[in-house]
Student: 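Structure in structure tokens, see below.
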Protein chains: 2
Amino acid sequence: MEIKLAVDAVVFGYDKEYGISILLIKRKFSPFKGDWALPGGFVLQNETLEQAVERELIEETGISISYLEQLYTFGELNRDPRQRVVSVAYFGLVKSSKFKKLSATTDASEAKWFNIKDLPKLSFDHADIIGMAIDRLRAKITYQPIGFELLDKKFPFSDLEHLYTSLLDRPIDRRNFKKKIMHLDILEELNEKVKLKGAGRPASLFRFNKKNYERLVKRGMHFEI
Amino acid sequence: MEIKLAVDAVVFGYDKEYGISILLIKRKFSPFKGDWALPGGFVLQNETLEQAVERELIEETGISISYLEQLYTFGELNRDPRQRVVSVAYFGLVKSSKFKKLSATTDASEAKWFNIKDLPKLSFDHADIIGMAIDRLRAKITYQPIGFELLDKKFPFSDLEHLYTSLLDRPIDRRNFKKKIMHLDILEELNEKVKLKGAGRPASLFRFNKKNYERLVKRGMHFEI
DNA sequence: GCAAAAGTGTTGGGCCTACACCCATGC
DNA sequence: GCATGGGTGTAGGCCCAACACTTTTGC
């Protein structure tokens with residue numbers, strides 16, 4: 001019997017209320033029936049790896065992602081009890097609005113968001129894959145302004161700040177953080193304000209400047225908080 | 001027909017004389033017969049991906065490497081004209097002494113080192129794979145003190161300096177470079193000197209302090225030259 | 001008026017860059 | 001003695017961390 005090739009996707013979503021979350025599906029069949037697993041499946045003969053990931057995500061969760069990159073290929077011998085399966089894991093991000101849409105409609109569904117601090121028991125070696133993806137996400141914020149892919153088009157600055165504090169799991173200096181981000185010259189302040197949570201001063205909305213953002217990503221950056 | 005799974009290895013060697021080089025083999029069979037290619041081949045049913053890489057390297061080149069990490073998995077549809085092949089590419093480094101050994105004995109052999117500035121025509125998509133590996137190597141020197149894996153146990157400081165200048169392809173300030181490296185606290189100066197190339201003042205030998213080196217790698221570093 | 005979150009500047013110190021001359025050897 | 005490569009120190013400037021009070025809103 002040949003080696004089978006699969007893909008798996010670790011998709012992150014973020015929202016100030018729910019925190020940083022990962023999309024999982026409930027397995028319908030043995031092995032690990034009833035446990036949670038990463039969305040994914042076997043690669044078809046005539047599709048690329050990326051196409052396989054996107055197809056499986058649509059089939060299993062209905063979601064389409066805003067950012068996708070390869071994470072790592074897992075090839076240990078007994079990952080799957082049935083046969084030899086090598087899996088190419090991908091790392092994906094979805095925007096906050098899509099995150100909310102799915103999280104509001106999945107109570108009875110097979111796909112569900114789980115906060116990364118509160119993950120269920122996982123199938124196969126998916127806990128390892130998720131661990132590596134979280135490491136990648138944490139590392140990424142030091143060299144890429146990933147907020148662009150996780151937040152919506154317009155957002156209050158505090159959303160970005162909360163994203164970083166959840167990811168770093170520690171408070172940051174708001175003044176220094178704002179100076180540093182603004183210095184990258186990838187954010188534009190809009191003439192719009194939103195009132196958040198009832199109390200508190202209304203916040204200005206910001207959006208990413210796509211051109212400057214891409215220039216920065218291409219040129220490379222380094223960013224310690 | 002199923003998708004076949006292969007591995008390929010981009011192995012770097014370094015020597016002050018030859019510069020930064022990659023190990024290639026000459027293909028004996030069609031397709032691309034007579035062209036140069038990365039060492040690699042199909043993964044067997046009962047070996048891990050790393051084992052497959054190491055086996056192929058021994059079989060095809062006789063070399064054993066001092067550092068190996070996964071680079072990227074290439075899964076485009078027409079990489080191989082015969083059938084669908086997905087290949088997991090690895091990134092390897094060998095120590096200078098082994099590099100010299102092979103380069104001295106391979107005149108008539110099928111395995112040969114090529115300076116990265118002077119590569120031959122390559123088979124399949126191996127030029128893309130090598131391009132990505134070189135990017136990884138360049139990026140790596142800014143966050144990992146890779147000299148440890150490319151140089152021998154003992155080496156004059158100028159070897160490390162030349163490694164960086166070849167990789168960066170520009171001159172660096174020797175005094176600042178030395179201060180910066182020494183500040184990492186991973187090098188020990190030995191009470192030994194070597195005479196190099198006949199003329200010139202003899203140089204002190206250094207070696208890596210393995211414990212401090214590993215602590216640094218674990219903790220993470222960032223290093224701009 | 002008070003609770004909640006947004007918004008906003010300055011300074012001291014550490015680090016990093018820029019820079020040039022002497023030393024030990026072979027021939 | 002000259003060519004070759006090894007070895008070494010400092011000062012000025014920039015950047016970054018540390019730090020707290022005011023503003024605008026809801027209740």
Side-chain angles (χ1 to χ4, degrees), chain A residues 15-17 19 141-143 145 147 151-152 154-166 168 170-185 187-207 216 220-225, chain B residues 15-17 19 96 141-143 145 147 151-152 154-166 168 170-185 187-207 216 219-225:
Chain A
D15 177 85
K16 209 194 291 191
E17 311 268 316
I141 64 169
T142 72
Y143 61 89
L151 300 176
D152 276 320
K154 302 174 182 182
F155 54 91
F157 196 84
S158 57
D159 271 20
L160 190 60
E161 193 189 313
H162 287 126
L163 171 59
Y164 275 77
T165 50
S166 344
L168 296 168
R170 60 177 166 84
I172 56 183
D173 184 293
R174 290 166 54 223
R175 279 176 288 191
N176 291 340
F177 180 71
K178 184 152 187 183
K179 264 179 287 179
K180 219 175 278 193
I181 294 281
M182 285 312 191
H183 199 237
L184 298 176
D185 196 30
L187 282 192
E188 291 170 0
E189 187 164 2
L190 304 173
N191 276 329
E192 271 181 87
K193 305 226 181 261
V194 274
K195 291 170 198 165
L196 301 160
K197 282 249 209 96
R201 178 173 172 172
S204 286
L205 287 177
F206 289 78
R207 71 166 168 230
L216 179 64
M221 62 172 264
H222 181 73
F223 191 82
E224 287 299 344
I225 308 294
Chain B
D15 177 85
K16 209 193 290 190
E17 311 267 315
S96 197
I141 64 169
T142 72
Y143 61 90
L151 301 176
D152 276 321
K154 302 173 184 182
F155 55 90
F157 197 84
S158 57
D159 272 19
L160 191 59
E161 192 189 314
H162 288 125
L163 171 58
Y164 276 77
T165 50
S166 344
L168 295 169
R170 61 179 165 82
I172 56 183
D173 184 293
R174 290 165 54 225
R175 280 177 287 190
N176 291 341
F177 180 72
K178 184 153 186 182
K179 263 179 290 177
K180 221 176 278 197
I181 294 282
M182 285 312 190
H183 198 237
L184 297 177
D185 196 31
L187 283 191
E188 290 170 0
E189 187 163 2
L190 304 173
N191 276 329
E192 271 182 88
K193 306 228 181 256
V194 275
K195 292 169 199 166
L196 300 162
K197 282 247 208 101
R201 177 174 173 175
S204 286
L205 288 177
F206 290 79
R207 72 165 168 230
L216 179 64
R219 196 185 58 196
M221 61 172 265
H222 181 74
F223 191 82
E224 288 298 346
I225 306 296

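Since the model is a prediction, treat every value here as computed from it, not as a measurement. Reckoned from all heavy atoms, side chains included, excluding hydrogens, waters and symmetry mates.
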Student: Counting only heavy atoms not in A:Lys16, do more than 12 sit closer than 6.0 Å to its NZ atom?
Tutor: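 Above 12, so yes.
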Student: Given atom CD of A:Glu192 and atom C1' of C:dA6, what is their separation to the nearest angstrom?
Tutor: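 Atom-to-atom, A:Glu192 to C:dA6, this comes out as 17 Å.
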Student: Between D:dA18, D:dG26, C:dA18, spot the one nearest the side chain of A:Ala199, thanks.
Tutor: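 It is D:dG26.
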Student: Could you check whether any side-chain heavy atom of A:Phe223 comes within less than 4.5 Å of a side-chain heavy atom of A:His183, counting everything from C-beta outward?
Tutor: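 No, their side chains stay 4.5 Å or more apart.
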Student: Expressed as a whole number of angstroms, how long is the span from A:Phe223:CZ to D:dC16:C1'?
Tutor: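 Rounded to the whole Å, the gap is 12 Å.
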Student: Which whole-number value in Å describes the distance from B:Phe206 CZ to D:dG6 P?
Tutor: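 My rounded result for the distance is 11 Å.
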Student: Has A:Ser204 got a side-chain N or O lying under 4.0 Å from the OP1 or OP2 atom of C:dA6?
Tutor: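 It does not, given that no N or O in the side chain of A:Ser204 lies less than 4.0 Å from OP1 or OP2 of C:dA6.
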Student: Compare all side-chain heavy atoms of B:Asp159 with those of B:Phe206 and state whether any distance is below 4.5 angstrom.
Tutor: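 Answer no - side chains too far apart.
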Student: Identify, between B:Glu224 and B:Gly200, the residue whose nearest nucleotide on DNA chain C lies closer to the 5' end.
Tutor: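 The residue mapped nearer the 5' terminus is B:Glu224.
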Student: Could you state the CZ-P distance from B:Phe177 to D:dG7, rounded to the nearest angstrom?
Tutor: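 Going from B:Phe177 (CZ) to D:dG7 (P), I get 13 Å.
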Student: Would you kindly compare A:Pro202 and B:Lys193 by the position of their nearest DNA chain D nucleotide and give the one closer to the 5′ end?
Tutor: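 The residue whose closest nucleotide sits nearer the 5' end is B:Lys193.
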Student: Between A:Arg174 (CZ) and D:dA18 (P), how many Å, whole number?
Tutor: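 Between P of D:dA18 and CZ of A:Arg174: 17 Å.
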Student: Measure distances between side-chain N and O atoms of A:Arg175 and base N and O atoms of C:dG7, and say whether any donor-acceptor pair falls under 3.5 Å.
Tutor: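 Such a pair does not exist between side chain and base.
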Student: Side chain of B:Ala203 only, please: which of C:dC19, C:dG9, D:dG6 is the nearest?
Tutor: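 So the nucleotide nearest the side chain must be D:dG6.
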Student: OP1 or OP2 of D:dG5 sitting under 4.0 Å from any side-chain N/O of B:Lys195?
Tutor: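 For D:dG5, neither OP1 nor OP2 has a side-chain N or O of B:Lys195 closer than 4.0 Å.
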Student: Any side-chain N or O of A:Ser158 less than 4.0 Å from the OP1 or OP2 oxygen of C:dA6?
Tutor: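 Indeed, a polar side-chain atom of A:Ser158 lies that close.
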Student: For A:Arg175, is there any backbone N or O sitting under 3.5 Å from a side-chain donor or acceptor partner on A:Asp173?
Tutor: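 Judged by distance alone, yes, a pair lies under 3.5 Å.
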Student: Distance check needed: C:dA4 P versus A:His162 NE2, whole Å only.
Tutor: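 Rounding to the nearest Å, NE2 of A:His162 and P of C:dA4 are 14 Å apart.
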Student: Are any of the side-chain heavy atoms of B:Asn176 and B:Lys178 separated by less than 4.5 Å?
Tutor: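 B:Asn176 vs B:Lys178: side chains apart.
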Student: Rounded to whole angstrom units, what separation is found between the CG atom of A:Asn176 and the P atom of C:dT8?
Tutor: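 Between P of C:dT8 and CG of A:Asn176: 14 Å.
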Student: With hydrogens left out and only the distance checked, is there a donor-acceptor pair under 3.5 Å joining B:Lys179's side chain and the base of D:dT10?
Tutor: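 Yes, a donor-acceptor pair under 3.5 Å.
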Student: Ignoring backbone atoms, establish whether A:Lys180 has a side-chain N or O less than 4.0 Å from OP1 or OP2 of D:dA17.
Tutor: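 Affirmative; the distance criterion is met.
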Student: D:dG5, C:dG7, C:dG9: which one has an atom nearest the side-chain heavy atoms of B:Arg201?
Tutor: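 Nearest to the side-chain atoms of B:Arg201, counting from C-beta on, is D:dG5.
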Student: Please report the distance, rounded to the nearest Å, between CG in A:Leu187 and P in C:dG7.
Tutor: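 Going from A:Leu187 (CG) to C:dG7 (P), I get 12 Å.
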